[in-house]
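Following: one structure in structure tokens, then a few remarks.
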Amino acid sequence: MNYWLVKSEPDAYSWDQFVADGITAWTGVRNHMAKNNLKAMRLGDRMFYYHSNIGLEIVGVAEVAREAYRDPTAQGGDWVCVDIKPVGPMPVPVTLAAIKADPKFEDLALVRLSRLSVSPVTKPQWDRICRMGKWTG
DNA sequence: GCCAACGTTGGC
DNA sequence: GCCAACGTTGGC
């Protein structure tokens, strides 16, 4: 299984809205590196759900419910989206500040490539963030 | 509100 | 093919 992190501005689409929807198509990605990450996602892969701009913290865990397919909101190009569904909220949200304060995360894409909206997370990074957030799933 | 990072556009 | 200008993202 691979691990990921997706960003959403809570103003635009919050974790609570995501939970209310139950499943959502992760559309609108228009960056090639992010697109490649979407294409690499496999059914059941897990991802952190991060609130950018407001909150600046990982608030939940989601998983891939459908692998990459053509993004219906794209006018042209070969943009793709995946379907994701919430697994559960992070018992203790993990803040960007806490992540940045830990030297073990200096290679985390969220830190190094701050503008990338869909990024990979290594297994050790995943486990460490889960511990910080008291995630027991 | 500012600014750094970075992708895209367009002139040459 | 280079590079300046510009737009967007996202943290501070």
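Bear in mind the structure is a predicted one, so any value in this text is a computation, not a measurement. To find a chain, count down the sequence lines: A is the first, B the second, and so on, and within it residues start at 1. All values below were derived from every heavy atom in this structure, side-chain atoms included, with hydrogens, water molecules and symmetry-related copies excluded.
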Below 3.5 Å is the cut-off: list the nitrogen or oxygen pairs between protein and nucleotides 1-5 of chain C, distance only.
none

Which is it for A/Glu67 and A/Leu38 under the side-chain contact (heavy atoms from CB on, under 4.5 Å) test, yes or no, and what are the steps along the way?
CA-CA 8 Å; A/Glu67 294 181 9; A/Leu38 288 178; over 6 Å; no

Tell me whether [X] is salt-bridged to [Y], with the criterion being a basic N under 4.0 Å from an acidic carboxylate O.
{"X": "A/Arg128", "Y": "A/Asp102", "result": "yes"}
{"X": "A/Lys35", "Y": "A/Asp71", "result": "no"}
{"X": "A/Asp127", "Y": "A/Arg131", "result": "no"}
{"X": "A/Lys85", "Y": "A/Asp21", "result": "no"}

Summarise how protein sits on nucleotides 6-11 of chain C as a single string, 5' to 3': B when a protein heavy atom is under 4.0 Å from the base, S for sugar-phosphate-only contact, - for no contact.
--BBBS

Would you please name every residue forming a side chain to side chain donor-acceptor pair (under 3.5 Å) with A/Trp26, sequence neighbours left out?
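Partners of A/Trp26 by the side chain to side chain donor-acceptor pair (under 3.5 Å) criterion come out as none, since no residue qualifies.
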
According to a 4.5 Å side-chain heavy-atom criterion applied to Ile, Leu, Val, Met, Phe, Trp and Tyr, with indirect links allowed, do A/Trp126 and A/Trp4 form part of one hydrophobic cluster?
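No; tracing contacts between hydrophobic side chains, which count when under 4.5 Å, never links both residues.
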
